[in-house]
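The next block holds one structure in the form of structure tokens; read it before the comments.
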Amino acid sequence: MPIVISDTLTGTKRELVSIEPGKIRFYACGPTVYDSAHVGHGRSYVVWDLVVRHLRARGYEVRYVRNFTDVDDKIIRRANERGEDPVKLAARYAEEFDEDMDALGNLRPDVAPKVSEHVPQIVAMISTLVEKGFAYAPGNGDVYYAVRAFPDYGRLAKRNLDDLRSGARVEPGEAKRDPLDFALWKAAKPGEPAWDSPWGRGRPGWHIECSAMTLAHLGAPIDLHGGGKDLVFPHHTNEIAQSAAAVGDGRTAESFCRHWMHHGFVEIDSEKMSKSLGNFFTLRDVIAKFDPEAIRLFFLGTHYRNPINYSDAILSEAERRLNYFYETLEKVDALSEGISPAGEGGAVVEAARRALDDDFNAPQVLAALAEAFTAANALADRRGKKSPEDRARLAAFARDVREVGTTLGLVQRRPAEALRAVRAKAAARRGIEPAAVEAKLVARAEARKARDFARGDAIRDALLAEGVAIMDGPQGTTWKVE
RNA sequence: GGCACCGUCGCCAAGUGGUAAGGCAAAGGUCUGCAAAACCUUUAUUCCCCGGUUCGAAUCCGGGCGGUGCCUCCA
């Protein structure tokens with residue numbers, strides 16, 4: 001069964017065909033680290049994590065490279081504002097980024113290269129482009145890429161040079177032959193980090209770093225390149241032009257990379273979440289409020305290509321759903337402890353694989369899981385003693401769900417611990433004191449033991465008014481935050 | 001202005017030619033001292049509107065209306 005993706009390069013859904021059988025060389029555009037990551041970054045890298053996990057589950061040897069852009073105008077500006085060294089500031093945010101990604105359950109990439117550590121490769125690549133006639137140095141210390149030299153220019157973005165030219169503009173001081181030409185190398189300005197080059201001291205332009213780091217760590221051509229939809233133009237368009245000119249045939253986008261995937265944005269009130277609009281939440285802030293696995297579940301509930309609206313309400317819904325998953329698993333684990341599962345991988349595993357093979361359709365996997373969970377609960381809660389066959393089926397459910405969860409990066413924690421963590425966050429959010437709740441539950445238990453149901457119910461209703469729901473079970477009373 | 005994308009139940013959301021997944025919410029039921037949770041049942045002859053193609057369209061084509069993104073930094 002082939003894996004099918006929506007390929008931006010062709011604008012169609014088509015089979016992902018790797019250059020070397022069984023191997024995928026994958027590059028995801030990483031963040032520019034001048035500030036804390038926001039929810040939009042979280043979505044982006046959960047998407048790429050899903051892609052990598054599924055490809056690996058399907059037997060591919062995936063080499064996953066994701067860069068840090070740590071040399072950039074915004075980093076320099078931010079560092080100057082704070083009187084800090086730009087490279088150090090970037091390093092700090094890169095570390096923070098890694099922590100956030102870990103919290104979301106994303107696997108680390110195999111390589112996470114930084115621009116500041118690849119300047120020699122970048123200079124070498126620019127030199128090649130100049131030698132081959134794809135780039136020119138007008139003598140002001142800048143080097144520009146000559147867009148007209150690359151016949152496939154703009155194909156990824158489905159735009160031709162005339163369309164683009166109407167909107168292009170040239171900054172004062174630039175010496176471009178064509179307004180669409182873009183800087184590969186920028187002459188150093190005072191107070192900026194700079195490196196020596198054949199064109200004088202300066203620093204890399206925006207797009208060249210990804211090209212150079214892709215070639216340094218994956219070679220060319222690569223199989224798959226990913227990023228947000230906002231990177232299609234100009235970033236990826238220019239990457240293709242540079243790379244195909246430097247190491248490919250100089251004519252076609254495919255000589256650099258075969259397949260391109262782009263995901264949709266996280267939105268607030270149906271508007272793109274972005275730094276410039278100021279309508280963003282940092283991952284740190286959201287993780288402080290909601291369990292990161294609930295955030296991940298929220299991301300996976302919408303197909304990666306579509307926009308996804310962020311709100312506290314929808315995150316609460318994801319949190320309740322996560323609770324349901326872990327409560328079910330806790331119950332099923334208790335009933336099937338030490339039992340060997342019935343049969344081989346079940347229908348859920350197969351359904352999940354099919355859904356992910358079809359352009360990484362995670363929402364469809366969640367739908368398949370929903371049916372499995374319902375069936376497991378029905379069996380677990382059925383009255384009467386469980387037969388050995390029932391227990392084996394429950395064990396099989398737990399095994400299958402966890403296997404699917406491995407690919408999604410969900411339900412890998414121990415249920416009791418996850419439930420406690422989720423509850424703690426929800427309680428903190430609502431200003432609920434767990435110790436106070438426990439004390440009230442003791443009082444209620446005493447009242448009920450004395451068959452004073454009126455008093456017991458009064459305590460329960462008071463807790464519910466605070467947002468605490470209580471469940472009486474055979475093992476005693478448990479509670480959670482509504 | 002140019003180039004794209006999107007519009008599916010009260011809400012969220014799959015589905016890209018074969019007769020509308022799933023979740024939340026809602027209603028009824030089972031269970032329960034009463035609840036909660038869980039489970040069962042019910043809830044879109046219909047997919048923004050109007051035409052067209054087709055044996056057949058939410059899915060393809062044309063036109064409208066509405067929303068968004070990119071064209072400048074952006075995941």
Side-chain angles (χ1 to χ4, degrees), chain A residues 6 8 11-13 28-32 34 37-48 66 69 72-74 77 154 157-160 162-169 171 180 206 226-235 237 262-267 270-277 280 297-298 301-303 305-309 311 313-314 316-318 320-321 323-324 327-328 331 351 355 358 361-371 373-383 448 451 453-454 456-457 460-461 463-464 468-473 477-480 482:
Chain A
S6 287
T8 314
T12 58
K13 245 168 119 163
C29 274
T32 302
Y34 70 103
H38 65 224
V39 178
H41 297 105
R43 199 242 181 135
S44 182
Y45 300 108
V46 166
V47 166
W48 304 128
R66 188 194 63 211
T69 297
D72 160 273
D73 289 346
K74 279 189 298 230
R77 198 186 321 134
K158 299 191 188 78
R159 273 180 277 196
N160 61 44
D162 291 333
D163 293 340
L164 290 163
R165 217 161 261 140
S166 62
R169 50 174 209 220
E171 297 291 325
L180 286 175
W206 175 31
K229 282 189 160 139
D230 47 2
L231 296 182
V232 174
F233 185 88
H235 186 58
T237 295
H262 293 91
H263 66 256
F265 303 125
V266 174
E267 303 183 337
S270 299
E271 273 196 333
K272 179 183 173 184
M273 175 185 286
S274 71
K275 290 270 155 97
S276 46
L277 285 172
F280 64 90
L297 180 58
F298 154 70
T302 299
H303 187 94
R305 261 181 298 125
N306 294 336
I308 181 168
N309 239 300
S311 69
I314 200 145
S316 296
E317 192 181 316
R320 282 197 299 277
R321 195 68 185 153
N323 246 306
Y324 169 79
E327 278 170 0
T328 305
K331 185 162 61 183
D358 185 10
N361 195 329
Q364 230 158 48
V365 179
L366 261 20
L369 280 177
E371 290 176 33
F373 271 90
T374 298
N377 268 305
L379 180 54
D381 286 356
R382 209 177 58 200
R383 300 176 69 84
R448 291 178 77 220
R451 307 208 54 86
F453 291 119
D457 290 354
R460 182 182 67 202
D461 293 344
L463 282 169
L464 195 58
V468 176
I470 66 183
M471 285 85 62
D472 295 324
T477 300
T478 57
W479 63 279
K480 66 179 169 188
E482 278 287 273

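Just so we're on the same page: letters track the sequence lines, and every chain starts at 1.
Among the protein residues, A:Asn377 comes within range of the sugar-phosphate backbone only, with heavy atoms under 4.0 Å from sugar or phosphate atoms but none that close to a base. Residue-level contact check: A:Val266 touches the bases, meaning some heavy atom is under 4.0 Å from a base atom. A:Arg159 comes within 4.0 angstrom of a base, heavy atoms only. When heavy atoms are screened at a 4.0 angstrom cut-off, A:Thr374 is found touching the sugar-phosphate backbone but no base atom. Within the nucleic acid shown, A:Lys275 has no heavy atom closer than 4.0 Å to any nucleic acid atom. The residue A:Leu464 sits apart from the nucleic acid: no heavy atom pair falls under 4.0 Å. Note on A:Gly40: a base of the nucleic acid sits closer than 4.0 angstrom, heavy atoms only. Backbone-only engagement by A:Gly30 is indicated by non-hydrogen atom pairs under 4.0 Å involving sugar-phosphate atoms exclusively.
No N or O donor and acceptor, one from the side chain of A:Arg382 and one from the base of B:C39, sit under 3.5 Å apart. A donor-acceptor contact under 3.5 angstrom links the side-chain atoms of A:Arg448 to the base of B:G33. Not a single donor-acceptor contact under 3.5 angstrom links the side-chain atoms of A:Asp162 to the base of B:G2.
For A:His263, the listed nucleotide lying nearest its side chain is B:A75; candidates were B:C3, B:G23, B:A75. For A:Thr32, whose side chain is taken as the heavy atoms from C-beta onward, the closest listed nucleotide among B:A21, B:A75, B:G69 is B:A75.
The P atoms of B:G64 and B:A4 are separated by 16 Å, rounded to the nearest whole Å.
Rounded to an integer number of Å, the gap from CZ of A:Phe233 to P of B:A4 is 14 Å. The nearest whole Å value for the distance from the CD1 atom in A:Ile470 to the P atom in B:A37 is 12 Å. As a whole-Å value, the separation of A:Phe280 CZ from B:A75 C1' is 14 Å.
No donor-acceptor pair under 3.5 Å is formed between the side chain of A:Arg321 and the backbone N or O of A:Phe298. No side-chain donor-acceptor contact under 3.5 Å links A:Asp472 to the backbone of A:Thr477.
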How would nucleotides 9-15 of chain B be written as a contact map, 5' to 3', with B for base contact, S for sugar-phosphate-only contact and - for no contact, using protein heavy atoms under 4.0 Å? ---SSSS
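Across all strands shown, B:C39 forms a Watson-Crick or G-U wobble pair with B:G29, both key distances being under 3.5 Å. In this entry B:G56 has no Watson-Crick or G-U wobble partner, no candidate having both defining distances under 3.5 Å. Shown here, B:C9 forms no base pair; nothing in the strands shown gives a Watson-Crick or G-U wobble contact with both key distances under 3.5 Å.
Cation-pi check for A:Lys229 over A:Phe265 is not met; the charged atom does not lie both under 6.0 angstrom from the ring centroid and within 45 degrees of its normal.
For the side-chain hydrogen bond (donor to acceptor under 3.5 Å, both in side chains) test with A:Ser6, the passing option among A:Lys13, A:Arg305, A:His303 is A:Arg305; the others fail.
Take A:Thr8 and apply the side chain to side chain donor-acceptor pair (under 3.5 Å) test, not counting sequence neighbours, and it matches A:His262.
Between the side-chain ring of A:Tyr45 and the base of B:A75, no stacking contact exists by the 5.5 Å and 30° definition.
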